[in-house]
Amino acid sequence: MKSSDIRKHFLDYFESKGHQIVPGAPIVVKDDPTLLFINAGMNQFKDVFLGNSPVQYARIADTQKCLRVSGKHNDLEEVGHDTYHHTLFEMLGNWSFGDYFKKEAISWAWELLTDVYNIDKNNLYVTVFGGDESEGLNPDEEAKDFWKQHIDESRILYGSKKDNFWEMGETGPCGPCSEIHVDLRSDEEKKLIPGKELVNKDHPQVIEIWNLVFIQFNRMANKQLVSLPHKHIDTGMGFERLTMVLQGVRSNYDTDIFTPLIAKLENLSGKKYGSDEKQSIAMRVISDHIRAVAFTIADGQLPSNTGAGYVIRRILRRAVRYGFTFLGFEEAFMYHLVAVLVAQMKDVFPEIEKQQQLVEMVIKEEEQAFLRTLSQGVKRFEQYLESNSNTSVIDGEFAFELFDTFGFPIDLTQLMAREKGLTVDMDGFQRGLAAQKERSRKAAEQVTDDWVEVNAQEGVTRFLGYNSLQCEAQIVKFRKVEQKKKIFYEIVLDQTPFYAESGGQVGDIGVLVAGSQTLKVLSTKKENNLWVHVVDQAPKEIDAVYIAKVDEYKRRLTANNHSATHLMHAALRQVLGTHVEQKGSLVDADRLRFDFAHFAKMSVEEIKEVEKIVNLKIRENISGNIQLDVPIDKAKEMGAMALFGEKYGDKVRVVTFDPEYSVELCGGTHVDATGQIGCFKILSEGAIAAGVRRIEAVTADRAEEYINNQMDTLSEIKELFKGAAHPVQSVKNLIQEHAEFQKQLEQLQKEKALQNARELLKDSVKIGNVSFLAKKSAVDPGQVKNLIHQLRSIENNWVVVLAMEQGEKVNLAVGISDDLVQNNKFHAGNMIREITVHIKGGGGGQSNFAMAGGKDSSGILKALEAAQDMVKSWV
RNA sequence: GGGGGAUUAGCUCAGUUGGCUAGAGCGUUUGACUGGCAGUCAAGAGGUCAUCGGUUCGAUUCCGAUAUUCUCCA
């Protein structure tokens, strides 16, 4: 059975059982501080479980791309070494929200596996929760009873709390779970050890394929478990593992999910998968990682040096490293795999095809950047070896520096050391790494107290901010947060006019007032579906009705910038083409920043054209039309631009400025009519990554300020040129004249210096056959160097000592002609160190020229005499 | 968010106990050789050593701040 059919059968099966099939969520999580990436199928339904979002469908099924790079389930560094762990994988899942429970979940899972997929019942085992005394929980006999209707009791095993009690986090919905395992070993092996003894023992051929979670409790902050009124089902089945089972192969990498990628790698590297263990590991690593990287970029997350982008960069670099070390790839190669992935996946995940060109460019650029990093590291490594040629152990501190500062992977350091017959002090390296981690942890330390529940409220915060900027509100809950010794309070209200940071628009600021207390709202953010107001002090009148008031001026400026962003987005598509896709956006009261896919620098003309169109649309004073609860299909019909990597519900908010011009899905706040924006001006346009450009622009007051400043500068320049009609030409002339004068001046100075140099030796005396000159000079200390080097170019056989007096301070300069320096007795540096004693100073230099300074001008003569004595002794 | 590094010619980079007349390769300009191209040779142009402050007789070099950027950790 082809993998695409396996996926299809799953979704078809649950559709036939009344499930709504929904698209998976984008991999990158945007509004949950505890999670960077989707790591389980249930993530996108977390709010439903928590009761923060209403239930839209009681039964849902989907396939969800998940990314696991750290934590108990997976460690990035292990992926590829075995045959069944992945960074990115698909999780097939079915859910019930307060609808069916254990009975149906169990019997459908069984029917699908044994009747639809035809897995041999004799290879299956199931586990149920065996109870836990410390929690006061009994074994899950209910689940066991349902299983007994399908499978022999001997194949039902009890599991521990660790394996069979599932929790989302420290608090929240949780419950016992029941896993289905399959034994893929040969009959001989099964005879030796029964499969039931290998369940949950990390055996590569006795594996869990499906986990059915029965959510029936809520874990409170005090660790107690409370029964839920509505019970839910949450299941997850690893698609790659299932495919391995159904295709009868021993490794996920032997399924048709991975074989096309590996075939391409064989083709590119000229090496055969399976012929060498290390090369095979490398191919597994690369074919796994390219999926994670490509899909995440397609979802709008570019590699970067922080947060989610950094994780993507690390995954990509790990793949490049394996390709470089074991497959001989010395140039970018991963981007060639994108086309293979597109061919495989475009029907299920169309975003990868639509973004193919961008994904390839970004990956190629990242690969090349990393290869540069590697060659820098190699260079540093070689330098280290040169200056430490007699060592047999590479210093751990140095290895860590190479890794930490220059991004050079430690395993490459070890490899290169081995090639030279050296070892690396790994303990030292680990010490450095541990210290680094400790520092980071301390810096990121944030002490968050428990929420203080004031007025319990069901569901989400009511957001009134689209229509009003002020309202009455009551505190639902609040908590204290301490970060870097600063104390904040976070407050959740029952309703609020404050816009919470989202879609690139910053959160509102303003005040909460009750009685005599005014709380300053420093920012507003969304955590899942709760509006969190960050305020500067603890609320005193927690039961009072607060007046929540948004800073109106800032809000209006922000709306200007947000609406202008939409106008500009549309203008960019007109001027540059419809390949322009939003890749990021930041809108606050001061400016707007917009990142978009485009492959070349914008010309001055293009920038002007975009500005012109936007300003035209502003002057048309187009009324903004905002529609709520538009079905997503209808919105797309209207031509609304949706973003890759954004999660949209079935009903969306559509912001329109002229249905023929700009229609976008957007939750932000906007102007009533475009005239309010007043003026639009682009400040800069530049690249931020391969294929991605960034524009920064201002509107209204800020645009006016900017233009005025530019005008002021211009008029100042004009004034300096006495009101010249063509100031640019005047400046050009001035620059040219300046250059000519400078050349003339240099020429004159050279001639003068030569002349001075010739003059200089006239006062010299002969010591032996050497011309010796020692005198006070009025030459500028900065010039004396030139003077002496001029002399060098025209005469031989001299020693010059000049003293320059400036008040009490005095400078000495010693010059010796190159021919005398060949005779190694003559050394200007040595001389100056001796003679500066007399002027109470210090100095130094090379053999042919040296300078010094001192504080006692009365010693000049002594110093000059000492110099003469030295020359006498040398001759 | 925290640590570390980097910033020198158009580009890629050298430049260690603070004083070498700031260099190399590539690119560029000019000239010579050639019918032309390519090439070879020769000569030249091109630098506020990121910015601002400090230490010092003297800072590209040492220290601090800022900006930009790379990198590791969270």
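Only this structure's heavy atoms are used, side chains among them; waters, hydrogens and symmetry mates stay out. Lettering follows sequence order; numbering is per chain, from 1.
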(request) Please check if the distance between the ring centroids of A/F403 and A/F429 is under 6.0 Å. (result) yes

Pairs under 3.5 angstrom, nitrogen or oxygen only, protein versus nucleotides 24-27 of chain B, please.
none

(request) Taking atom P in both B/A50 and B/A59, compute the distance separating them and give it to the nearest angstrom. (result) 15 Å

(message) Measuring only between side-chain heavy atoms, which start at C-beta, is A/E685 closer than 4.5 Å to A/R694?
(response) no

(request) To the nearest Å, give me how far apart CZ (A/F406) and P (B/G5) are. (result) 9 Å

(message) Looking at A/E330, I'd like to know if its CD atom is crowded, meaning that more than 12 non-hydrogen atoms belonging to other residues, nucleotides or ligands lie closer than 6.0 Å.
(response) no

(message) Do A/V311 and A/L36 make a side-chain contact, defined as non-hydrogen atoms from C-beta onward lying under 4.5 Å apart?
(response) yes

(message) Tell me which one of A/K525, A/K480, A/K526 satisfies salt bridge (charged side-chain N to carboxylate O under 4.0 Å, His left out) with A/E490.
(response) A/K525

(message) My understanding is that only one of A/R318, A/R317, A/R314 makes a side chain to side chain donor-acceptor pair (under 3.5 Å) with A/H289; could you say which?
(response) A/R318

(message) Measuring centre to centre across the rings, with the benzene-like ring taken for any Trp, is A/F398 within less than 6.0 Å of A/Y384?
(response) yes

(request) Scan residues 310-318 of chain A against RNA chain B and write down, sorted by residue number, each residue with any heavy atom closer than 4.0 Å; if none is found, say none. (result) A/Y310, A/R313, A/R314, A/R317

(message) Tell me the interatomic distance from A/E366, atom CD, to B/U71, atom P, rounded to whole angstroms.
(response) 7 Å

(request) Could you tell me whether the side chains of A/D288 and A/T87 share a donor-acceptor contact shorter than 3.5 Å? (result) yes

(request) Name the closest nucleotide to the A/F849 side chain, picking from B/C73, B/U21, B/G3. (result) B/U21

Which atoms of nucleotides 10-13 of chain B (N or O only) lie under 3.5 Å from a protein N or O atom, and what are those distances?
from	atom 1	to	atom 2	distance (Å)
B/C13	OP1	A/Q376	NE2	2.6

(request) Can you tell me which stems involve RNA chain B, if a stem is defined as three or more consecutive Watson-Crick or G-U wobble pairs, both distances under 3.5 Å? (result) B:1-7 with B:67-73, B:10-13 with B:23-26, B:28-33 with B:39-44, B:50-54 with B:62-66

(message) Which heavy atom of A/V871 sits nearest to which heavy atom of A/M831, and what is that distance?
(response) CG2-CE, 3.6 Å

(request) When you get a sec, tell me which of B/U71, B/C72, B/A74 is the closest nucleotide to the side chain of A/T373? (result) B/U71

(message) Can you build the contact string for nucleotides 53-62 of chain B? Use B for base contact, S for sugar-phosphate-only contact, and - for no protein heavy atom under 4.0 Å.
(response) ----B-----

(message) Using 0.5 Å steps for rounding, measure from the CG atom of A/L864 to the NZ atom of A/K775.
(response) 11.5 Å

(request) Quick one: list whatever passes side-chain hydrogen bond (donor to acceptor under 3.5 Å, both in side chains) with A/D590, sequence neighbours left out. (result) A/R702

